[in-house]
Amino acid sequence: AAEAFKTKEDIDKGILGAYASFQSLSYYGRTYSIFADLAADNLSHPLDATALEYAEVDNNNLLPENGSSSNMWAIMYDGINVANNVIAKVPSIADMSAEEQDEALAELYFIRAMNHFDLTRYYGAIPLKLTPTVGVTGLDAPRAPLDAVYAQLISDLTFAAENMPSSGTKTRGSKYAAKALLARVYLYQKNYAQAASMASEVIDEGGYSLLPNYADIFAEENTAESIFEISFSQLERNRIAEYNFPRSLNGRREVQPSADLLEAYEAGDTRFDTSIAFAEILAYAIKYDDLSLGADNFIVLRLADLYLIRAEALAKGTAPEVTQIKADLNTIRARAGLSNITSNNVGQLISAIEKERRVEFAFEGHRWFDLVRTDRAVDVLFNVTSVNQTLFPIPFDEIQTNNDPAMVQNPGY
Amino acid sequence: NTSEAQTKMDISVTNVSLEQLFKEIQSKSEYIFFYKDAIFDYRVSLNLKASTVAGILDKALADTDLTYMINERQIVIKSKLETPAEALKTNQQLREITGTVSDPNGTPLAGATVIVKGTTKGASTDFDGNFKLDVPIDTKTLVVTYLGYVAQEVSIEGKSELNITMLEDNTALEEIVVIGYGTEKRALISDAITTVSAKQIEDLPLGSVDAVLQGQAAGVQVSQNSGTPGGEMSVRIRGLTSISGSSQPLYIIDGIPVTTGDYGQIGYSGQGASALTDLNPSDIESISILKDASATAIYGARASNGIVLITTKRGKVQETVVSVNAYSGMQRAWNKLDMLNAREWMEYRNDLTNSTVFTQEQINNNQVDTDWQDVIFRTAPINSYEVSARGGTEKTQFFMSGTLFEQEGILIGTDYSRVNARVNVDHQISDKFKIGASIGLSYAKTDRVESDQSLHGPLPNGISTPAIFPVFNEDGSYNQDGPYSNPLSIANEAINENFSYRTNSNFYFDYYITDYLTLSSKLGVDFLNFREHGYESTRTVQGAKFNGLGFETYSNISNIVSNNLLKFNKRFGQHKIEALVGYSFEKRNFRSSFIRGQDFADDDLEYINSAATIVSASASAADEGLRSSFGRVNYNFSDKYIATVTGRFDSSTKFGENNQTGFFPAASLAWRASQEEFLKNSRVISDLKLRVSYGLTGNDDISPFLFSELYGNTSYGGSPAIFPSNIPNPDLKWESTTQLNIGLNLGLFKDRITLTADYYDKQTNDLLLSRPLPPSSGFSSITENVGKVENKGIELTIASQNFIGEFKWNTQFNISGNRNKVLELYNGQPIDDIGRGGNRIMEGQPIGVFYSFESLGVDPSTGDIVYADTNFDGVITSADRTIVGDPHPDFIGGLTNNFSYKGIDLTVFLQGSYGNDVFHGSRLFLESLQGGDNQVAAVTRRWMQPGDITDIPRATTDAVAAAQNKRVSSRFLEDGSYLRIKNVTLGYTVDKRALDKSFFESIRVYVSAQNMFTFTNYTGLDPEVNYRGDDNSVIGTDFFTYPQAQTITLGVNLKM
């Protein structure tokens, strides 16, 4: 075992091992992204479906024992631990130059940051894990305050952005993937100036471009619009389509597009047909539609997101540049075949951005986080009556086994 | 014991009586002498080295008018003058009596002694059990004796031909019992050992060895978790000692540990395959269940869960007996759930949605009302055909058998068939050398279906599909409109087969170094090839999703065992010492491969080479080794005081570098009070033995390499990737169990009534615990030696011969109660919410108590379930969960009554469990009162309007309320106690006289019923269930579990 890491190649296998956690069915392989639409108003759990844990999420009435949530938590920390494990090994690899070592660490920090970020989006203040688990002592970890979590995210991603190469396969992190994620992190942190400037960097310097045809984003892999995507193949399958497709098409239909979402599309929106299909009268999501193999890559970051991040950051910033906001928003609308927004009212623009994000990124795992970070969940979501519900409960098995006095449950659970 | 005739001994006596000489011989051998006092006027002097008993007796009796006859272990001394021919000369008035002596099965007994009562005149039966004797005309009674049988007095008045059936001596104190690496006379055993004989398990239409143990032995809990043909069972000897290791006993066949467990790689949770089913129960001569530390410690690190020693039938010195045993029968489900019919379902749906889903007209005119349970259950045949031959000469003995067993499952799509062959041979090469071999071969094929945990199992789907859906569409295709896949389509169109190819064989030699020292060596192999083949065509929902889905898996498990023993056995006056030292090693290799493919070219091409896409392929290997040395000393003073000391060193590759070898010692003491002067002549007490034992054993049954830092392989983007998969623990070692046993054996009225009682206290330390870690560590658990569990219990076995003579009635009864308690866990931290029923492992409670919400019933005003707010904080949260039940029985027991009268025999066997709770998990769906599942008929009494007092909550589309109402809680917990008439067998043995001219030695026909009645309050299909199969902590939980069958068989036993 101690011999597992001796060469640069071994480190690379270790880095891929950390990416492999993203493929878990509890993470981007199914649950993580579905829950972000299900907990919000894009997806609902059909009455005749069977997964009780999905019903809890749909109803925004989670128990700490919810197994799907618990698995999600565990797999994200698994990814962090794998990354930390390799991080600890990198300095001892003799056949790597200092640059190569930094490059490897940068990629690992990127992975670690993404896991931490995805955790904090659902659970709020979370334990920050920066060293590998090698024994059974010292495993009781406190929940770090949100400020500390964000400081660590920014530190990891900044290092990643500085030290990763700018090109390469999109199924692995890159300089601009790190910057794009950083832009998103700043937006969540409500650090609008940084979010806007980081988004601009990616838009201007990243070399990405919006695909003219929205449908092509999901028809192909590694497109010009894609910044970072999780690889899936027949050997490493996702089950997103399985949970969306109706039984008549051999799916499980644990989730269905909500009636509300169907109405949210404006007439003529070309995104509708790329996002939703019908089997007789049953609507189902089709962005990820490889039911048989589950081999379609899941897109985590794409350029359209950066336009809308910049638009929102500018709108909420200290001096809203209405022209630029409208330009970014209308760039996205134009591709969808929709007319320009002409209002100059910042409040209306913010609402327009929220609505645009909903349909642009439907079934891509954004809606819940967008409503929660903008403090809109209680207003928008029927089942969410208390701000307490905007955080998932810390999974019961963590509470039970983590004896740190600062490992306390979220309020209301 | 045929080797006895070759036993050589040294004899040196000077001027002793013949009686003393015989005692001397008895002390050095297993022989027993039969003689009459009157003829011992002789004294002898002998000095012989390494002589057989025949050689000694030839010399000793040379100058007397005595002669002898040896039959197996019996030596009968008689007067030369009293052979019938001689007697004729001295007596004028004689008459000839002829007859046959046989055992209760009609097998002739060769060498039985027939004596005129009150004289020494007599004869022995020949090879066919026949005797001829000229007796004085006034003789009224003959006395017939045979070792192991009750001596019988037979009136000959008015008869010249006798058919004498000997009754087995059920006290059987002389019976030889198989113990670890040896044998011992039952009377002299100081340990807690229960035996099950071939006789107890014959006629039972049971497919596997573990099933035959059920209800037969005190302290042994056998749960047939599912009725799946060929499926695995849970066997617990004296409770659960482990949480994360295995709790199954170690099975040893003819001295060689057997590979057991489930090697399936395709998940069928709860429908696991069991490698133990490869063995043919009818090849079993006897089973010894070793329970206390003293009996088991000789198996060291694998002994904590108890040992099941199985001995197969071997040859005998007799004319070859060919037996044919066959039975044929039918099985059916003994119970059905009462579900909503189509009308009730439609009315329920209208109420649920509070709308008119179905109009009154639709309800009235509905034509489809499918009883899905009738679709999935069937009456299924079960057949077994066995031919065996047994016989041999003084030099060579053999047993061979061939068996075909076929069982269709009562659930569509399931069946099991097995072919076994066995050859056991023993051969005496010379006075000093004996060799032998046991070769067992088997082939088994199982057809399975997916089970409870899947949406593609015929049983859950069959029960959950509402009656309004037809089985077929009008065009003949399967109707798939129901909430789940059409169960018939799965059973018919999915192929789920597994094949087991098994060789379980050994070769041995015994070398008699001196008359008291023997060297034995045995090499055994257990090879198991297990193959699974699965294919789902596009005609199934699952197959259609993948354009045909195929699996192919192979597992190859080889275990090679070498046992080498040196045995010492010598008597010094009243002191007798038996000792053994041994060295053994085992090498176990495991290889497996797995491949999954999809996109099949054609529905009829079911093998992977037709799959366009291989979605998963893997292979793995693991090797293990065990090296052991062990020894035992048994000291016996005058058959009155017996002491045994045992010890074993085990070195296993499974353990960490800091703990590679363990030492397991034990000792026992027995006092046979009935041998003391003050009891020797008691008319009431015929046997009284007090036993005590104490010792240490281990349990090493965990996966290999858990002690080391491991990396797992995976891939990302098609490139190989690695990740840490295990936190190293160099201190990892076996679980240690200390056990105290106090026992009593009592025989009353010449052992007409015998009683065995044991109390035990088992303390298990250093539990191999898969301790949960904070998930934020990146690991879910680590296997460590932490925690303590105790099992305390009592066992009672009573056997009585209520009637003897022509009408016979025997009763065997056993009852045992075990109390399991977790004493210590890591930091007192419970292991929570395990399985579907909310099992929990927590300090101070039995393993796997049900821990969930306590339902207080339905609130008459709202129709919702009210849960106990145990912490009085005004809200129901997970902190309100509490202990609501215990899956462990208070008592388990078995009761067998055997009756026989003339040729008729009747056996009634009852088996039961009392005081265990079962979580009826199927009700989570069948009483969900939401969703598309069919509901049990009980929901018709659901809450409908304020004021209704009922136990079933309202039907509602309010998802939150519905989810609250069907929380895992005491609402679904039921009393799982049951009493089963497990078996009733009525047999008729054809009168031997009718067979005189025929080809047959004996003919018996019988009819047998399994599970004829089950008395239980449990509302599910079967109280004896566990959806997770053999699991330590997920116990007592029903989740659409395959129920047991009710079986009727007709059988015949032929001997020729």
Side-chain angles (χ1 to χ4, degrees), chain A residues 1-2 4 13-14 16-21 23 45 47-48 50 52 55-56 58-59 61 63-65 70 73-74 77-78 80-82 85 127 129 132-136 139-141 169 171-172 231 233-237 242 247 250-252 291-293 395-398 400-403 413, chain B residues 455 480 483-485 541-542 544-547 598-599 613-617 708-712 714-724 726-729 771-780 782 784 827 829-830 832-833 877-878 924-925 930-933 957 959-960 962-963 966-967:
Chain A
K13 281 189 203 169
L16 293 180
Y19 278 113
S21 295
Q23 296 172 330
H45 180 69
L47 269 183
D48 59 350
T50 55
L52 182 62
E56 289 178 13
D58 186 24
N59 297 322
N61 184 38
L63 294 176
E65 293 84 5
S70 176
W73 171 279
Y77 275 110
D78 175 73
I80 291 168
N81 184 54
V82 178
N85 203 279
K129 288 288 194 169
T133 298
V134 290
V136 293
L139 299 184
D140 297 333
T169 167
T171 53
R172 294 180 67 159
S231 171
S233 69
Q234 61 199 40
L235 289 169
E236 309 140 8
R237 54 197 299 136
E242 184 187 346
R247 275 194 281 272
N250 307 313
R252 277 188 63 163
L291 179 74
S292 166
L293 289 176
F396 185 72
D397 38 12
E398 182 73 34
Q400 177 105 56
T401 52
N402 185 339
N403 294 314
Y413 291 100
Chain B
L455 296 171
Q480 300 283 11
Y484 303 104
S485 307
V541 171
Q542 183 86 310
K545 191 190 305 177
F546 303 109
N547 302 316
Q598 64 186 57
D599 302 324
T613 316
I614 303 301
V615 287
S616 174
S708 65
E709 183 183 4
L710 299 178
Y711 279 83
T714 180
S715 66
Y716 181 76
S719 301
I722 56 173
F723 61 94
N726 192 53
I727 303 179
N729 178 5
R771 161 161 86 83
L773 295 176
S776 59
S777 67
F779 293 94
S780 57
I782 180 173
E784 283 186 316
N827 272 354
Q829 188 172 285
D832 212 345
D833 201 26
T877 64
S878 49
L924 287 171
F925 287 84
Q930 63 162 176
D933 298 271
T957 49
V960 176
K966 64 171 200 174
R967 277 186 179 199

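Predicted model only: the values in this text are computed from it and were never measured.
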Under 3.5 Å, is there a donor-acceptor pair between the side chain of [X] and the main chain of [Y]?
X	Y	value
A:Q23	B:Y716	no
B:S776	A:P127	no
A:Q234	B:I614	yes
A:R247	B:Y484	no

If you take all heavy atoms of A:F396 and B:D832, which pair is closest and at what distance?
CE2-OD2, 2.9 Å

Look up atom [atom1] in [X] and atom [atom2] in [Y], then write down how far apart they are to the nearest 0.5 Å.
X	Y	atom1	atom2	result
B:F779	A:T133	CZ	OG1	6.0 Å
B:Q598	A:S292	CD	OG	4.0 Å
A:N250	B:F546	CG	CZ	9.0 Å

Taking every heavy-atom pair that is under 4.5 Å apart, which of [options] has the most such pairs with chain B?
options	result
A:N402, A:N61, A:L235	A:L235
A:N85, A:D140, A:T169, A:N403	A:N85
A:V136, A:I80, A:D397	A:V136

Against chain B, label [X] side chain, backbone, both or neither, depending on which of its atoms sit under 4.5 Å from a heavy atom there.
X	result
A:A55	neither
A:T171	both
A:E242	side chain

Output, in order, the C-alpha distance, side-chain angles, deciding distance and verdict of side chain to side chain contact (heavy atoms under 4.5 Å, CB included) for B:F723 and A:L16.
CA-CA 9 Å; B:F723 61 94; A:L16 293 180; over 6 Å; no

What option among [options] has the most heavy-atom pairs under 4.5 Å with chain A?
options	result
B:P774, B:P483, B:A962	B:P774
B:S780, B:P724, B:S616	B:P724
B:T613, B:D933, B:N827, B:T877	B:T613
B:A963, B:S715, B:G932	B:S715
B:A721, B:P720, B:P775	B:P775

Do [X] and [Y] have side chains that approach each other closer than 4.5 Å (heavy atoms only, starting at C-beta)?
X	Y	answer
A:Y77	B:S777	no
B:R967	A:L63	yes
A:L52	B:K966	yes
B:P772	A:Q400	no
B:I727	A:V134	no
A:T401	B:R771	no

Under 4.5 Å from a heavy atom of chain A, the part of B:Q829 involved
side chain

Which bit of B:I782 is near chain A, if near means a heavy-atom gap under 4.5 Å: side chain, backbone, both or neither?
side chain

Assess whether atom NZ of A:K13 is packed by more than 12 heavy atoms of other residues, nucleotides or ligands within 6.0 Å.
no

